[in-house]
Structures are given as structure tokens and as C-alpha cells.
Engineer: 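Sending over a structure as C-alpha cells; questions will come in a sec.
Given the structure is predicted, the values throughout are model-derived calculations rather than measurements. Just so you know, these numbers use all the heavy atoms, side chains as well, and skip hydrogens, waters and symmetry mates.
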Amino acid sequence: MVKLTIDQKEYEIDAEMSVLQACEQAGIEIPRFCYHERLSIAGNCRMCLVAMKNSPKPVASCTMPVADGMVISTNSPEVQKMRRSVMEFLLINHPLDCPICDQGGECDLQDQAMAYGWDGSRFQENKRAVKDKEFGPLVKTIMTRCIHCTRCVRFASEIAGVPELGLVGRGENVEIATYVEQALTSELSGNMIDLCPVGALTNKPYAFHARSWELKKTESVDVMDAIGSNIRIDTRGSKVMRILPRINELVNEEWISDKSRFACDGLSRQRLDNPYLRRNGRLVKVTWEEAFNAIALATKRVNGDEIAAIAGDLADCEAMTALKDLMSALGSPNIDCRQDGAHLDASVRSSYIFNSTISGIDRASALLLVGTDPRSEAPVLNARIRKRWALGSFAIGSIGCDNQLSYPVTFLGDTPKVLEELNKGKHSFSKTLIDAERPMIILGQGALARPDGATILFRSRQIAEKYGAVNNNWNGFNILHKAAARVGGLDLGFVPQDGGLNVTNIIEGARNGSVKIVYLLGADEINTSNLGKAFVIYQGHHGDVGANRADVILPGAAYTEKNATYVNTEGRVQLSQLATFPPGEAREDWTIIRALSEVLGHTLPFDNLRQLRARMLEINSIFLNIDQVAPAVWKRFGSSGRLENSQIKCGHSNFYMTDPISRASETMAQCTDTFLRTNQGKTGTDG
């Protein structure tokens, strides 16, 4: 700790801080453009100038480390004059186009110009003009506005790990550009929009559609992957205009993936806004009463064990609770939330959550990836892994995934046989795990959704125990899910009950006729062509795969249209908030199931959200603690058996289209065309 004086008051500050950080800690706001807490220090803009005693010239507070006895002045007339001069230089070439700039109302330069600018200019020469760059379908550029703070450059190279941007040219001719003209291929590129302190980088799909002060802002959580990133939903009327990240240091820091940010236009396309019933081979609009009566008639003709239900990847916990109770009342044990057939043990919570927590990555000493491609499956978590790698002394090995990640990875092999070698201590990576103080294993769905998935789970647990990844102070055994609904479904026990069928057997039963009714709760990732002649009830919000096969369609609400509970991959219970109402006749999912139960003669015992959440607590007490992670008890799980010698597949074949919302998004379709079909980017592979 050092003692220094700031504005005639003495403070005791950590010796590793800069003057700017010391001022912030003292509650003094220092203007800045280039400085950002999560990026390296550049010292470009000079807006953060302060006066230091015995210094012949002003100092940039972001680059100056604190020292004992320093005397700093942050608000003297001299400092004010310095900042006004810097602002004058910054505005020399900046265009006066605030009325048409999408950043208006949220622009750091605009805000600081109010404090330090003036109503005239001494600059008589022509303003410089810079050609706009083509960064792809997501980021709109007007580079004449750029003040060369290099935040975007530093984000691309340091956080995203895709160093595609840089300063080109010198002096008056300097520009920020891609070295070879191309679209930005990072799955986190949209975060540059938030970082840009001017209107040089803006949201291309959102451009000229709304102003920030017109929007209603709702805090919620993202469901595009299993991370549960904290987001803010901005709406105007009934339409979601944009999605922005919220800061949560334990989950997503302040980043979100491009799919989370830009797929929101899919919320208004291909929506199911009315019940439908298949008549003479065609789906026709009907009333809720007609749809429910058709379901009631079908259920009367079958036994309980001939009915099955599958919960999809975007299903909320309330809807799964209601559907589970309804299936139980109908006498059906055939329920499952694992669309991909992953071999996860719902009876042992430590076997299916990210035990170390996402923030625990910062403490890990070595990492073993098994059947997962974090860059395409969870870009925000991938950035956290890169952050830990950048600190040094962090070896990373991968089994199954040989895709291009944003950090160096040692490829250990693409078959599960590597697990046996590690178990025996015969693999070269064994020494890395032995030497690591806190080794971490991340097991992906690509390894678990195989016929030998339970054995891979068993072998991975053995490796974790053998190399000290699990002890009294550390649990580095982690499961990385792809689906936002998966952990919540497992916590609720939405898996086959006594003698019940899992997803694979449900589909096989529907194909051979032993399963006569299949209830799909937003389940669009299964092969519906194998459902044979089964009577299919589809409840969801988009006309996707499940709706095309359905005999009855019940229109539900998307995640932005309901108050719901989701549990992320680390077991953190989070709440989404209603930002806008469902379209047409669509309703919140649990209310549909509750109304249907009454028609079926098995009225569920809850009439409001509070009573339903009390029922969730009866099933599992973890739903009591919102935004907290409860440590799971470590037990034996998995099953010993024979490992297949086939390749472990991982990642997404198309990162930009993984669910009904993103598949309906025009922006995601443009990304698919730009990054996949033109082979400009690499976003993961299914094999």
C-alpha cells in the first residue's frame, strides 16, 4: 500500500494501481476513451490527463503507476484546460453527424464533449474522411468517426483471441482496419460495439431502427447457450429491438456471444400465434378448446405407458415441472429432457454441472477438454479460458476437438482410448495433470451423446480423482452443456421414471407403434421423421421442425415473453423477466399445460407462478437460492464398460443456427452465408 494525495485529500492505495484507478477508488471520475478495465493499457486518447506535483507536464493517469508521496490534482483550472485542449484535438476530424448517429444518447464522446467541448473550432483545414470498412453482417462501420482509441483492436486480440484488426498507416493517415479485407470471424465481435466510445462501430441490424431513449429496458438471462449470460432486453412496443450484456462477474463478465446479441430478430419471424390442428393432412387454425379436445380424445384411447414427453433445449423450469406432473397424472413414466441422448446421471448433481463454476476457471492450473469445442458451444466461457491462458502456466489438452480455438491447445487424439491411457498414466499429458495444483476437466456433450457416453463419464471421473481434480478445496470436474434447459431439467428429474423410456427409446417406440402419443415441449432437435404414426403434440413458439410434424400445435412464449426460471451449466438458478407479451393467442408455457390438465381431468394443483415455484422447491431445494451456486456432493457415477474406437464429435456444424429462434433469424442466415458458405470463418464442426 502507498499513501498519496488526490485533490488535497490523503488516500492509502494498492501499490499495483494506476493513478486513474486510484482516483476511481477515491470516488473521483476521470474522463477517458481508450482506457477499459478489461483491456491492456494503450494511453492513446490523453483525455485522462491529470497534474502531478513536481512534474513539468501533465501525466496520463491510466499509464502512470501510483507511488508513495504523490500529489495529484484532477480538477484544477490547469487540468480543465488540458482536457479541453485534448477534446478540441479529438473533434478536429470528427464529423458533426450526431443527429443521424446510432450511438447518439449512448456516446462517450458526446457526453465528454458536453463537459469539455466548446461551441467553436480553430481548425480551418478540411476534415479528414476515411473509407468505411466491411466487417460483415453484424458490425456497421463509419470510420470517419474513429478516434483511434484501439479498444476494438485490443478486444479482438486479447479477449476474443482473433487478432484481425490493427492500426494501418501512420500519422494523419492512420486507420483501423483488417489487414486483409474480410468480415470479422470472432463469435464475440458484437462486443466491440459496446466498447467503441464513438459511433465508428455500431449494430448493423439495429441501425436506424430506434433511439436509446425510446426503448423499454428489461433485465433477463440469455438462453442461446447454457452459460446463462446476463442480458438486457430493449423493446419498443411489442418488438425486441436489441439485446445487450449486463455485467455479472461470476458468469459472463460483460460479454455476450454474437448469437445471443443478434438472433433477436428471429423472435418476430415464423412465430406460432394460434393453435393448429391437423385435418386431412393439413394444419388448420382452431380454438384452444378444439385443440385441447383433440388431445383429450387421443389420450382417452391409450394407456399411460403409451404416452411420452420430450422437453426441448429452450424449455423453462416452470413448464417442465408442469409437464412432468401432468405426465405422472396420466400414468406415463416416459419423459426426458436430453434431446441428444446424452448419458447424464440425474441422481448425482455433481455428474452434470460445471462444479468449479465459470469463475473458477481463473484458478485452474491445467485443463483437459473432452469432446467439447468451447469456442462454438460457449464463446463467453471460451473467452474466460483464454483469459486464464493469457496469465501463463496453463497447459490445455483436447480429446476429440481439433478445431481452431483462440488459444494454443495440445491435441491428444480423437478417440476415447486416450482416456484409458490417461487413466493408466501412460499418456504424455499425464505429467501435466500430475504437476498441476488444480487440474480441470471439461466434458462436453459430444463425448456424452454417444453409445459409450456413460463409460466416458465414468473414465473421466476416474481421471479427475486420480489426478487431484477433486479434493476438499477444489472440484475441477465440469460438464459443459449446450442447452439452456438441460441442467434445470435434470434438477427437476425430467428423465425416465421407474421403467420409463429415454429419448432414444421414445423415438423407437413411436416408430414401431408402442408409443402412441408424443408431447414435444419445444423439442426441435430430434429426428421427427422417425415418430411414425404417433399422435404428436407440439408446444413451442416457432414453426420449426417439431411444428412441421405435429398433429396439434399449442403456441407458447419465447424466453423474452415470460417470467421463467433457467439453470445454467454451473447449476446457477437465474430468472428471466417478461419484456414483451407473446403474439396472438400464444400463452406462457406452464399456463397452457395447466389449462390442458383441466380438460384431461387431471387438474394440476397450482393456479399461479408462486404456487408453481413452490412445487419446484418440493422437487428440488436448489430453486430456493436465486443467482447462487450450491456445491454438489461428490459421488460415484457413470458405468464401466467398453469404449468404442470411433471419433468423438464436438461443436456445432453451424454456430449461428442451433435453435428455433436463431434458425428463424435473418441476421443469423446472413452470418451463415458469410462465414460458412464462403469459408471465411471457422465456427466448429460436427466431425
Engineer: Heavy atoms, side chains only, cut-off 4.5 Å: are Tyr407 and Pro374 in contact?
Structural biologist: yes
Engineer: Carefully, step by step, assess Glu465 and Arg461 under the rule salt bridge (Lys or Arg N to Asp or Glu O under 4.0 Å).
Structural biologist: CA-CA 6 Å; Glu465 293 171 344; Arg461 176 178 65 79; 3.1 Å; yes
Engineer: Taking all non-hydrogen atoms of both residues into account, name the closest pair between Asp345 and Ser347 and its distance.
Structural biologist: OD1-OG, 2.5 Å
Engineer: Minimum heavy-atom separation for Ser350 and Asn355, please, with both atom names.
Structural biologist: O-ND2, 2.8 Å
Engineer: How about Asp258 and Tyr656: does a side-chain donor come under 3.5 Å of a side-chain acceptor?
Structural biologist: no
Engineer: Give a yes or no on whether the backbone of Gly651 and the side-chain of Glu377 come within a donor-acceptor separation of less than 3.5 Å.
Structural biologist: yes
Engineer: How close do Ala315 and Tyr566 get, counting heavy atoms only, and between which atoms?
Structural biologist: O-CE2, 3.7 Å
Engineer: Under 3.5 Å, is there a donor on one side chain and an acceptor on the other for Tyr352 and Asp491?
Structural biologist: yes
Engineer: Between His652 and Lys482, is a side chain to side chain contact (heavy atoms under 4.5 Å, CB included) present by the stated rule, with each step listed?
Structural biologist: CA-CA 9 Å; His652 293 297; Lys482 298 180 184 179; 3.5 Å; yes
Engineer: Does any donor atom in the side chain of Asp659 or Ser662 lie under 3.5 Å from an acceptor atom in the other side chain?
Structural biologist: yes
Engineer: Does some side-chain heavy atom of Ile399 sit less than 4.5 Å from a side-chain heavy atom of Leu368?
Structural biologist: yes
Engineer: Are the side chains of Asp551 and Ile537 in contact, using a 4.5 Å heavy-atom criterion?
Structural biologist: no
Engineer: Tell me the closest heavy-atom pair linking Ala547 and Ile553, and the distance in Å.
Structural biologist: O-CD1, 3.6 Å
Engineer: Any donor-acceptor pair under 3.5 Å linking the side-chain atoms of Ser260 with those of Asp222?
Structural biologist: yes
Engineer: Determine, stepwise, if the pair Arg642 / Asp452 fulfils salt bridge (Lys or Arg N to Asp or Glu O under 4.0 Å).
Structural biologist: CA-CA 7 Å; Arg642 181 177 172 275; Asp452 60 349; over 6 Å; no
Engineer: Can you confirm whether the side chains of Asn654 and Thr672 place a donor and an acceptor under 3.5 Å from each other?
Structural biologist: yes
Engineer: When rounded to the nearest 0.5 angstrom, what is the spacing between OG1 in Thr299 and OH in Tyr519?
Structural biologist: 11.5 Å
Engineer: What distance do Leu422 atom CG and Ile463 atom CD1 have between them, rounded to the nearest 0.5 Å?
Structural biologist: 4.5 Å
Engineer: Just wondering, do Cys317 and Met616 contact through their side chains at under 4.5 Å, heavy atoms?
Structural biologist: yes
Engineer: Carefully, step by step, assess Arg511 and Glu508 under the rule salt bridge (Lys or Arg N to Asp or Glu O under 4.0 Å).
Structural biologist: CA-CA 5 Å; Arg511 191 182 65 80; Glu508 176 60 25; 2.7 Å; yes
Engineer: Drop me the distance from Leu490's CG to Arg338's CZ, to the nearest 0.5 angstrom.
Structural biologist: 6.5 Å
Engineer: Quick one: does Ile396's side chain get under 4.5 Å of Pro408's, heavy atoms only?
Structural biologist: no
Engineer: Quick check with a 6.0 Å cut-off and a 45 degree axis cone: is Arg613 positioned over the face of Phe623's six-membered ring?
Structural biologist: no
Engineer: Please report the shortest heavy-atom distance between Lys466 and Lys424, naming the atom on each side.
Structural biologist: CE-C, 4.5 Å
Engineer: Look up atom CG in Leu326 and atom OG1 in Thr321, then write down how far apart they are to the nearest 0.5 Å.
Structural biologist: 12.5 Å
Engineer: Using 30° and 60° as the class limits, which term best fits the ring planes of Phe477 and Trp634: parallel, tilted or perpendicular?
Structural biologist: perpendicular
Engineer: With a 3.5 Å distance limit and no angle check, can you tell me whether Arg486 reaches the backbone of Cys337 through a side-chain donor-acceptor pair?
Structural biologist: yes
Engineer: With distance as the sole test, does Lys562 use its side chain to make a donor-acceptor pair with the main-chain N or O of Asp589 at under 3.5 Å?
Structural biologist: no
Engineer: Could you check whether any side-chain N or O of Gln270 sits under 3.5 Å from a backbone N or O of Gly266, counting only pairs where one atom can act as donor and the other as acceptor?
Structural biologist: no
Engineer: Does Lys431 have more than 12 heavy atoms from other residues, nucleotides or ligands lying within 6.0 Å of its NZ?
Structural biologist: no
Engineer: Evaluate the criterion side chain to side chain contact (heavy atoms under 4.5 Å, CB included) for residue pair Met224 and Tyr559; output intermediate values, then yes/no.
Structural biologist: CA-CA 10 Å; Met224 295 292 109; Tyr559 74 104; 4.0 Å; yes
Engineer: For the side chain of Asn252 and the backbone of Asn230, is there at least one donor-acceptor N/O pair under 3.5 Å apart?
Structural biologist: yes
Engineer: Using atom types as modelled and distance alone, determine if a side-chain donor or acceptor of Asn645 lies under 3.5 Å from a backbone N or O of Lys417.
Structural biologist: no
Engineer: Do side-chain atoms of Arg386 reach the backbone of Ala160 as a donor and acceptor pair under 3.5 angstrom?
Structural biologist: no
Engineer: Taking the side chain from Asn568 and the backbone from Ala226, do they hold a donor-acceptor pair closer than 3.5 Å?
Structural biologist: no
Engineer: Working to the nearest 0.5 angstrom, can you tell me the gap between Ser257 OG and Leu381 CG?
Structural biologist: 12.0 Å
Engineer: Hey, are the side chains of Ile361 and Phe354 touching, using non-hydrogen atoms and a 4.5 Å cut-off?
Structural biologist: yes
Engineer: Would you say Ser621's side chain and Leu617's backbone share a donor-acceptor pair under 3.5 angstrom?
Structural biologist: no
Engineer: Report yes or no: does Gln462 contribute a side-chain atom to a donor-acceptor pair with the main-chain N or O of Asn423 at less than 3.5 Å?
Structural biologist: no
Engineer: So, Asn475 versus Ser356: side-chain donor-acceptor pair below 3.5 Å or not?
Structural biologist: no
Engineer: Looking just at side-chain N and O atoms, do Asp524 and Tyr538 make a donor-acceptor pair shorter than 3.5 Å?
Structural biologist: yes
Engineer: Tell me yes or no: between the side chains of Gln339 and Asp313, is some donor less than 3.5 Å from an acceptor?
Structural biologist: yes
Engineer: Does a donor on one side chain and an acceptor on the other come within less than 3.5 Å for Glu249 and Ser359?
Structural biologist: no
Engineer: Would you say Ser430 and Tyr467 are linked by a side-chain donor-acceptor pair, where the criterion is simply a distance under 3.5 Å?
Structural biologist: yes
Engineer: Side chain to side chain contact (heavy atoms under 4.5 Å, CB included) for Lys426 and Glu420? Distances and angles first, verdict last.
Structural biologist: CA-CA 9 Å; Lys426 295 182 178 180; Glu420 290 187 344; over 6 Å; no
Engineer: Within the structure provided, determine whether Asn625 and Val573 are in side-chain contact (heavy-atom separation under 4.5 Å).
Structural biologist: no
Engineer: Once you round to the nearest 0.5 Å, how far does CD1 of Ile479 lie from NE2 of His481?
Structural biologist: 6.0 Å
Engineer: For a quick check under 3.5 Å, do Asp373 and Ser376 share a side-chain donor-acceptor pair by atom type?
Structural biologist: yes
Engineer: Considering only heavy atoms from C-beta outward, does the side chain of Pro496 approach that of Ile335 to under 4.5 Å?
Structural biologist: no
Engineer: If you draw the axis of the six-membered ring of Phe655, does the NZ or CZ of Lys259 fall within 45° of it and under 6.0 Å from the ring centre?
Structural biologist: yes
Engineer: Quick one: do the Asn563 and Ser576 side chains pair a donor with an acceptor below 3.5 Å?
Structural biologist: no
Engineer: Tell me the closest heavy-atom pair linking Pro605 and Gln611, and the distance in Å.
Structural biologist: O-OE1, 4.5 Å
Engineer: Hey, which of Leu612, Leu492, Thr591 is the one that makes side-chain contact (heavy atoms from CB on, under 4.5 Å) with Glu318?
Structural biologist: Leu612
